[in-house]
Each structure stands twice: as structure tokens, then as C-alpha cells.
Trainee: 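The following block contains the structure, expressed as C-alpha cells.
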Amino acid sequence: MRWELLNYNDEYIQSKSKEFHTDKLITELLLNRGITNKEDVDKFLNPSMENINDPFLFEDMERIVERIIIARKNKEKIFIYGDYDVDGISGTAYLIIVLRNLGINIDYFIQNRVHEGSKINKHFVNYIKKRNAKLVITVDTSFGSTEEIELLTKNGIDLIITDHHRQTNKLKLDVKTINPKISKTYPFKHLSGSGMAYKLADAVYERLGVSKKILHDYMDIVMIGTVADVVPMTDENRFIIKQGLANLRKTKVKGLEYLIVYLKLNAYSINTSDIGFYIAPMLNALGRIDSSKMVVDFYIEKDDFRIFNIIEEMKRANKIRRYLEINIYNEIEEKIAKMREKPKYIFMKSKKWHSGVTGVVSSRLSLKYNIPVIIISIKNGYGKASCRSVEGLNIFDILKEISHKFERFGGHDLAAGFLVTEKVLFQIEKYLKNKLYRLNKSDIEKNFL
């Protein structure tokens, strides 16, 4: 990662400080972010609804909203198909709450982190067929292949994809999709999966001409997903975070109210660090160890006894999660200590490692050594990888070149994952060795200027 501190002469800083009505330090920080006029300063420091872009700037939004309104009119069953991380879970829960408020018949299905790729999509189709579903809306995830989508179509089920990840290939079928990474008309590219759920809900409410108060009342759910997914805190995300933190002071989500008490946090002073280091890990623990579906229940449940039971399960899962993380981390550290020189990258695999916690371990190791890290958990003939990288080294693009070898693949520039059959793992390892071992030190070192 290359760090660069821009230098400005004192005269310029003083003039901008007067213009911005900020002190010298804040002024320099704003300028380093490329914010150079008063209008942009106000927008950055005081985000409001005026910063929110029109959801219909997404190319497919009109078609998507029209299909949802038809489902509402005909009382069709809709299933939300959500990703298993905090972002996907939060977006799923948010859509359930706000769409049920419109009288829409809606249910949900969360992917299983451990068994993802083991024919889960066929299982999902059979599951929702029995429940007479006519429409599926994804949150924070895309269906990976034309075959999967055709399977839905053959069973008379329509599909709407909402996602924010980079795409590895273009589907041959015409699927209704909203994704800021592939949109040519939507200006902000860094919404989270739960942020995309908000944009969808905003468009539906707009078209129906009903009050949007409930959309903002539950913005704390969207905020948690946004913070947990570590998207840039700029533009629309700043409004989502500001509104969401304000909502926590008197949250309408009973589960969050009780969780804040359990964690001994002050609802009036909670910040993004509290969300990232305390609340999100508790929500994530169940999905890493057991079932993410229970976290959706945590968001939408009203019964005190059931909420307390879910929090107890979170506490149990969090203890297990920490134990598994420590063991994997220490095992890898021991292997690194035996190396003759500092590695340029880490590629390690094991049948003993739990796939639900490898992402956290990869992140810790990548931050510590400032190198790309690929950790693979092997189970039932498949290797599931968590990949993390550093600034200036796009792990997504490196892996994209061999994406045809993966059963599943996706992610972002610095964080990606893939599922691959165990028999071709050695090919992946050989390819990454050739790509990563030849890196010059200057490609990944930190420079403080």
C-alpha cells in the first residue's frame, strides 16, 4: 500500500480554513480527500437526504419495481435470497420489514456458509417451489451461472438480482439487475449490499407514492451492514451511517436494543468502531459457526424470550469463533516462523480449518505482514478460499484470469473468495506462486512520504 501525504503552503491552508470554517487540521484532511470547495465540505460533514441519488438512475430499476408491484397486486410469494455475512443478513432483514409493511407476501432464505457450492441452489429451488414462490430477490449476492437461473425459469420463478460485488462474467440471459459496480448511469459505486436493499425499497415506495418514514426508521439495520462490509464512508454511505447511528438511540429493533445492553454500550454515543468491533462480530458469529438465518430472526423478532435465546446462541457461537480463529492463526504463525525469509505471500490449506473463520484470519495476517494471503479450508472434496490483499495488488483481477477453474468466485479488489474442487487446487497454487512470488518488494511495501 502506498501512502501519500499531500503538502500545502500555509497561505493556502489559511485561506481554505476561512472558506470552510474549519481548523487547520480538518482543512488539510478535507483537501487530502479531494474536497476543495465549501459545497462539498458541507455535503461531506453534514450528510442529508439531499445527498441521496435517485434510485431510478439504475438502468433496470423501473422493470424491477414493476415486477414487485405486480407480485404485490397478485399476492405472489416472494423469497429474499441473502448472503450469509452481516451485510447480506442486514439487507435481507431490512427488505423483509419494509416490504411486509406494504402487505407483500415475503419470506427469506440465507445461504449456508459452510455448505455453499454443494448444490445449494438446487436445494433452494426445491425449497421455495414447495412454498409456491413466484419471485426471488437476491441481496448482496448474484447467481453464479446461466444454469442456475434457467433452473428458476423452468420452475416458473422470476429473478431480481441486487448486488454490489464485481462481476466475473456476463450472463447470457436477460436478468433484472441493479449493481453500482456495473451500472453506467448510477453515480455512486460504493454502496454495500444492504445499501442496495435500501435503494430497492426506496424505489418501490416512491413508485407506490406511500410515506417513506419506515425506510428511515430502520436505517440502523442498513448502517450495520454498511459499516460491517467496510465500504468507503463517502457520499450516500455517510447519510446511511449518520441516520443509522442516530436511530440506535431509540431503535425500533428490539434485538438491537437488548444486544446494546448486553455489550454494555451507550446507545447515545455508539460510533462506527463500536459497530465494527462489537456489534457486527456478534451478528457474524452465528453465520460463521452455525446459521445466519437466526440473525435475520434477531432483527425481525418481537418476542422477548426468542430474542434472548438468539443472543445466547450468539454468545456461544462467538466463543467458538474466537477459539477457532486463534487456533488457525497460531498454526499459520508457527509455519511462518519456520520460514527462512519473510514470505511475499501466504498460501496455506488444511482439512482441519473451519471455513467460517478463515476470512478473519486472512485479514489479520494480511494486515500484519502487508502481503496477499490465501487460506483454504478443505471439506468433502472442495477447497473454500478466503483471499485478502494489499493496496496496489488487485487479488480479484489476479484470480479472475483463472475463474473458469472455480466452482464459485467473487469479491472485491482486495478481498475475494473462491470454491474449487480439491483435485485442481495444486493448479491454483502453482498459478498464484508464479504471479505472487515474482512481485518486487516495491509493489507491496508501504511508503510514508
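FYI, side chains are in, hydrogens and waters are out, and symmetry mates aren't considered; it's all heavy atoms of this structure.
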Trainee: So which of Leu135, Ile78, Leu152, Asn155 actually passes side-chain contact (heavy atoms from CB on, under 4.5 Å) with Ile128?
Mentor: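 With Ile128 as partner, side-chain contact (heavy atoms from CB on, under 4.5 Å) holds for just one option, Leu152.
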Trainee: Taking atom types as modelled and ignoring hydrogens, do the side chains of Gln243 and Asn247 form a donor-acceptor contact shorter than 3.5 angstrom?
Mentor: yes
Trainee: Let me see the working for Glu76 and Arg67 under salt bridge (Lys or Arg N to Asp or Glu O under 4.0 Å), right down to the final yes or no.
Mentor: CA-CA 11 Å; Glu76 295 175 348; Arg67 181 64 186 89; 2.9 Å; yes
Trainee: Run the salt bridge (Lys or Arg N to Asp or Glu O under 4.0 Å) test against Glu236 and tell me which residues pass, sequence neighbours left out.
Mentor: Lys199
Trainee: Tell me the closest heavy-atom pair linking Ile395 and Ser389, and the distance in Å.
Mentor: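 Of all heavy-atom pairs spanning Ile395 and Ser389, the closest is CB-CB, 3.7 Å.
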Trainee: Set out, in order, the CA-CA distance, both residues' side-chain angles and the distance that settles salt bridge (Lys or Arg N to Asp or Glu O under 4.0 Å) for Arg166 and Asp397, then state yes or no.
Mentor: CA-CA 10 Å; Arg166 290 185 59 185; Asp397 284 345; 2.8 Å; yes
Trainee: Which heavy-atom pair separates Gly91 from Ala197 by the least distance, and what is that distance?
Mentor: O-CB, 3.7 Å
Trainee: Stepwise, does the side-chain contact (heavy atoms from CB on, under 4.5 Å) test hold for Ile68 with Arg207?
Mentor: CA-CA 11 Å; Ile68 293 172; Arg207 189 56 76 238; over 6 Å; no
Trainee: For residues Lys384 and Ser355, report the shortest heavy-atom separation together with the two atoms involved.
Mentor: CD-CB, 4.0 Å
Trainee: Which atom names give the shortest non-hydrogen contact between Leu286 and Glu313, and what distance separates them?
Mentor: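 Result for this residue pair: CD2-O, 3.8 Å.
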Trainee: Counting distance only, does the side-chain N/O of Ser366 pair as donor-acceptor with the main-chain N or O of Pro372 below 3.5 Å?
Mentor: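 Side chain of Ser366 to backbone of Pro372: no pair is present.
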Trainee: Any pair with a residue in residues 175-199 that passes ring-ring contact (aromatic ring centres under 6.0 Å, His included), sequence neighbours left out, goes on the list, sorted by first then second residue, please.
Mentor: Phe58-Tyr186, Phe188-His190
Trainee: Between Lys302 and Lys252, which heavy-atom pair has the shortest distance, and what is it?
Mentor: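 In this case the closest contact between Lys302 and Lys252 is NZ-O, 3.6 Å.
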Trainee: Considering the options Ile224, Ile89, Asp85, which one meets the side-chain contact (heavy atoms from CB on, under 4.5 Å) requirement together with Leu283?
Mentor: Ile224
Trainee: Are Leu393 and Leu436 side-chain neighbours, meaning at least one heavy-atom pair lies under 4.5 Å?
Mentor: yes
Trainee: Partners of Ala201 by side-chain contact (heavy atoms from CB on, under 4.5 Å), sequence neighbours excluded?
Mentor: Tyr94, Leu95, Val98, Leu215
Trainee: Regarding Tyr127 and Asp107, do their side chains bring together a donor and an acceptor under 3.5 Å, going by distance alone?
Mentor: no
Trainee: Is there a donor-acceptor pair closer than 3.5 Å between any side-chain N or O of Ser362 and the backbone N or O of Ser386?
Mentor: yes
Trainee: If the threshold is 4.0 Å, N to carboxylate O, is there a salt bridge linking Lys212 and Glu206?
Mentor: yes
Trainee: Which word best sums up how the rings of Phe79 and Phe124 line up, parallel for under 30°, tilted for 30 to 60°, or perpendicular for over 60°?
Mentor: perpendicular
Trainee: Report yes or no: does Asn179 contribute a side-chain atom to a donor-acceptor pair with the main-chain N or O of His165 at less than 3.5 Å?
Mentor: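 Judged by distance alone, yes, a pair lies under 3.5 Å.
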Trainee: Main chain of Gly103, side chain of Arg72: is a donor-acceptor contact present, judged purely on distance under 3.5 Å?
Mentor: no
Trainee: For a quick test of reading the model, state the closest non-hydrogen atom pair linking Arg321 to Pro281 and the distance between them.
Mentor: NH2-CB, 3.9 Å
